[in-house]
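Remember, it's a predicted structure, so these values are computed and weren't measured experimentally. Atoms within each ligand, like the ligands themselves, are counted from 1 in listed order.
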Amino acid sequence: MSILVMKFGGTSVATLDRIRRAAKRVGREVANGHDVIVIVSAMAGRTNELVGWVEETSPLFDAREYDAVVSSGENVTAGLMALTLQEMDVPARSWQGWQVPVQTTSAHASARIEAIPPENIMAKFAEGMRVAVVAGFQGISPEGRITTLGRGGSDTTAVAFAAAFGAVRCDIYTDVDGVYTTDPRITSKARKLDRISFEEMLELASLGAKVLQTRSVELAMRYKVKLRVLSSFEEPDETAGTLVCAEEDIVESNVVAGVAHSRDEAKLTLTDVEDRPGIAAAIFGPLADAGVNVDMIVQNISEEGMTDMTFSCPVNEVKRAEKAMADAKDRGEIDFGALVADTDVAKVSIVGIGMRSHAGVAAKMFKTLRDEGINIKVITTSEIKVSVLIDRKYMELAVQALHAAFGLDRAA
Ligand code: ADP
Ligand code: ASP
Ligand code: MG
């Protein structure tokens with residue numbers, strides 16, 4: 001028996017008609033002899049709506065109740081997909097995360113999958129069920145409460161199931177026909193990649209390319225899951241989509257594989273902070289405790305024992321950050337002049353394993369941005385990426401300019 005995992009994202013299950021179309025595809029794989037685990041997202045827009053309701057009800061919400069609400073979109077599509085398959089005479093059953101059970105940590109709103117015992121689903125396959133439809137994005141904590149895996153988490157559900165069940169492949173069906181050199185919504189010159197390495201995909205995802213959730217790529221890399229991204233709107237053939245694979249399996253590549261962007265960033269600066277041992281811990285400890293995902297950090301040169309500390313975080317976490325800093329000040333743990341928030345910034349990054357062996361990549365990036373008159377506010381680098389924080393209004397321009405400058409408009 002071979003198990004195939006097929007994941008359908010929000011746009012692929014946005015209407016009953018699209019669910020029918022996705023179900024037909026599942027039916028074909030069943031006819032090919034696979035037992036199929038289908039992972040579904042909520043219908044397009046539904047999770048955003050649920051998140052909006054939570055935030056409107058309670059701005060600094062209890063994350064356990066957030067999870068109770070936002071996980072519900074997937075329950076609807078799982079049941080509808082199972083019903084659609086049954087109508088096509090395909091033996092199918094739906095499962096919510098807790099029923100499998102998808103065991104996660106108790107980090108609500110960003111839980112990690114710890115284990116997926118396969119017994120319950122395998123027993124049903126043994127009885128003749130051909131398709132298990134699983135609600136993506138959700139699990140159950142050790143305390144028995146519903147958890148969610150962070151936005152885009154159905155990708156991670158899919159890869160985790162592929163690993164847990166030893167699936168032959170994990171196919172991620174979405175609204176683009178693969179992974180592109182940059183978000184095709186930003187430039188029509190973006191090109192589909194036939195293959196991309198796990199390392200590059202991991203960076204692109206963590207820097208904002210939401211085609212795959214970062215954690216899903218991590219899991220695929222660790223458990224050697226054969227991961228493919230393809231369109232749910234086109235008929236696939238053997239070469240369809242993009243294969244995310246090991247570096248060794250890529251023959252040709254550009255120095256820069258892709259350009260990623262993250263629109264909703266914020267830059268916060270604490271002015272007049274005392275420059276002493278332990279100050280970074282005193283600032284970033286409370287931010288971490290408050291669930292603020294700090295990304296870039298810059299500490300200015302110290303003058304007369306005082307410094308400025310700048311960091312970036314998602315724009316919707318600014319309120320939490322401000323409260324965490326004000327509370328830490330009240331408790332006497334830190335002192336600072338002001339907390340200045342710039343909520344109109346975006347992050348643009350270039351990624352490529354070729355950077356390991358090529359000098360001058362960062363310089364070329366900075367020159368390209370200079371030629372467009374774009375000011376850089378913060379820079380961070382790693383072995384295979386360079387990221388800059390810029391004014392949000394220049395984000396598209398920056399992506400397009402870098403895409404052209406690094407030759408991504410043409411094939412490698
Ligand atoms: P789904 O609902 O199927 O999970 P998502 O909206 O989460 O789909 O992810 C697909 C979207 O990711 C695409 O519509 C595209 O705009 C965006 N995207 C960003 N960067 C890339 C990239 N490098 N390649 C392909 N798509 C990308
Ligand atoms: N519905 C969830 C979200 O929008 C999970 C997913 O689609 O992957 O984040
Ligand atoms: Mg997604």
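Both tests do not hold together for Arg20 against Phe8: distance to the six-membered ring centre under 6.0 Å, angle to the ring axis within 45°.
Annotation for Arg112: atom CZ does not count as buried by contact number, only 12 or fewer foreign heavy atoms lying within 6.0 Å.
The protein heavy atom nearest to atom 7 (O) of ligand 2 is Ser41 OG, 2.9 Å.
Partners of Gln99 under the side-chain contact (heavy atoms from CB on, under 4.5 Å) rule, at least two apart in sequence or in another chain, are Trp95, Gln96. Judged as a side-chain contact (heavy atoms from CB on, under 4.5 Å), and not counting sequence neighbours, Glu87 has no contacts.
Counting heavy atoms closer than 4.0 Å to ligand 2, residue Glu74 contributes side-chain atoms (C-beta onward) but none from N, CA, C or O.
In summary, Arg331 and Glu333 engage in a salt bridge, as defined by a charged side-chain N under 4.0 Å from a carboxylate O. Between Asp327 and Lys329 there is no salt bridge, since no side-chain N of the basic residue sits under 4.0 Å from a carboxylate O of the acidic one.
Gly153 counts as a contact of ligand 2, since one of its heavy atoms falls under 4.0 Å from the ligand. Within the structure, ligand 2 has Gly152 among the residues with a heavy atom less than 4.0 angstrom away.
Contact shell of ligand 1 (protein heavy atoms, cutoff 4.0 Å): Lys7, Gly9, Gly10, Thr174, Asp175, Val176, Gly178, Val179, Tyr180, Thr182, Asp183, Pro184, Arg185, Ala209, Lys210, Val211.
Using a 4.5 Å heavy-atom cutoff, the side chains of Asp409 and Arg191 are not in contact. Residues Pro314 and Asp264 have side chains not in contact (no heavy-atom distance under 4.5 Å, counting atoms from C-beta outward).
Annotation: salt bridge (Lys or Arg N to Asp or Glu O under 4.0 Å) contacts involving residues 94-111, sequence neighbours excluded, are absent.
For ligand 2 and Arg151, the ligand atoms under 4.0 Å from any heavy atom of the residue are 3 (C), 4 (O), 9 (O).
Between Asp155 and ligand 2, no N or O atom pair is found at a separation short of 3.5 Å.
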